[in-house]
Amino acid sequence: MMTDPSVSPGHPAAAKVDKTKLAKNQIAETQLAKTQVAKTQLAKTKLTEVVVVCAKCAKRQGLRPRAVRALLKGAAKQAAKDGLLADRTKLCIVESGCLGPCPKRAVAVATGASLAAGRVVLLDPDSKPEEALAAVLRPVLPQPRPPNSAPIRP
């Protein structure tokens, strides 16, 4: 049985066929990627912040379902009436599963800014609504260190 030498893997014609197949596959993949990206759309929202509340922590504290949600929503509405919040004052408060830390006397709450910083806010369920809202919505930034202008003495 004889094989055709033009089809052997080491032959230049076989390499040319492999290159054209490879080029066609790459073109098809890029076209597929372009169509997938084109289907993604963005939309405006009136939400100020999305707040995630650990339902497990709330249950452990003996709070009724959605109690933290009612606390934060009420505080946000009152702050909007007082003019303390900007134009967009709508909060989206979602209960989820465990967020990681399981405090004994607090509820774990997270926002987009706190999650971006790798932090979870531990909220005291007995706090006033204004204090709870301020704790949740404050920006989570690293605390600036005081400058070391004084010389170190041995």
Side-chain angles (χ1 to χ4, degrees), residues 9 15 17-154:
V17 171
D18 290 340
K19 287 180 183 178
T20 57
K21 284 183 182 179
L22 182 63
K24 286 181 182 178
N25 287 341
Q26 288 176 345
I27 291 171
E29 288 175 2
T30 56
Q31 288 175 347
L32 179 64
K34 286 180 183 177
T35 58
Q36 288 176 347
V37 171
K39 291 181 182 179
T40 304
Q41 296 179 359
L42 300 175
K44 288 184 178 180
T45 182
K46 294 180 181 179
L47 296 177
T48 302
E49 188 71 52
V50 176
V51 180
V52 182
V53 179
C54 178
K56 185 177 173 183
C57 290
K59 184 177 179 181
R60 182 182 292 162
Q61 295 303 316
L63 300 174
R64 60 182 173 76
R66 298 186 179 208
V68 178
R69 180 180 187 273
L71 174 81
L72 293 175
K73 283 266 189 181
K77 286 182 181 179
Q78 185 62 39
K81 286 180 184 176
D82 295 342
L84 299 175
L85 291 179
D87 295 336
R88 295 171 21 166
T89 58
K90 191 169 183 181
L91 294 178
C92 178
I93 302 172
V94 181
E95 288 189 355
S96 73
C98 187
L99 293 176
C102 294
K104 291 193 179 212
R105 293 175 186 86
V107 178
V109 178
T111 61
S114 69
L115 289 175
R119 304 283 184 209
V120 175
V121 179
L122 302 179
L123 184 65
D124 182 16
D126 296 331
S127 64
K128 295 179 182 177
E130 301 83 24
E131 293 172 356
L133 184 67
V136 170
L137 293 184
R138 75 169 176 248
V140 180
L141 299 174
Q143 297 296 325
R145 290 184 177 180
N148 290 335
S149 58
I152 299 174
R153 297 181 187 188

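No experiment lies behind these values; they were computed from the predicted model shown.
In this structure, Gly112 and Glu49 approach most closely via the heavy-atom pair N-OE2, 3.1 Å. For the residue pair Ser127 and Leu71, the shortest heavy atom distance occurs at O-CD1, 4.4 Å. Considering every non-hydrogen atom in both Ala108 and Leu99, the closest pair reads O-CD1, 3.6 Å. The two residues Pro103 and Ala106 have their closest heavy-atom pair at CG-O, 3.4 Å. Contact detail for Leu133 and Ala79: the closest heavy-atom pair is CD2-CB, 4.1 Å. Listed here is the closest heavy atom pair of Cys102 and Cys98: SG-SG, 3.8 Å.
With rounding to the nearest 0.5 Å, the separation of CD in Glu131 from CG in Leu123 is 10.0 Å. Remark: Lys73 NZ to Arg66 CZ distance equals 10.0 Å, nearest 0.5 Å.
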*Apply side chain to side chain contact (heavy atoms under 4.5 Å, CB included) to Val107 and Val53, showing your working.*
CA-CA 7 Å; Val107 178; Val53 179; 3.9 Å; yes

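In this structure a side-chain-to-backbone donor-acceptor pair under 3.5 Å is present from Gln61 to Lys104.
Within a 6.0 Å radius of NZ in Lys56, other residues, nucleotides and ligands contribute 12 heavy atoms or fewer.
Residues Ile93 and Val68 form no side-chain contact, since every pair of their non-hydrogen atoms from C-beta on lies 4.5 Å or further apart. Between Val136 and Leu91, every side-chain heavy-atom pair lies at or beyond the 4.5 Å cut-off.
Between Leu122 and the options Cys54, Cys57, Pro101, a side chain to side chain contact (heavy atoms under 4.5 Å, CB included) holds for only Pro101.
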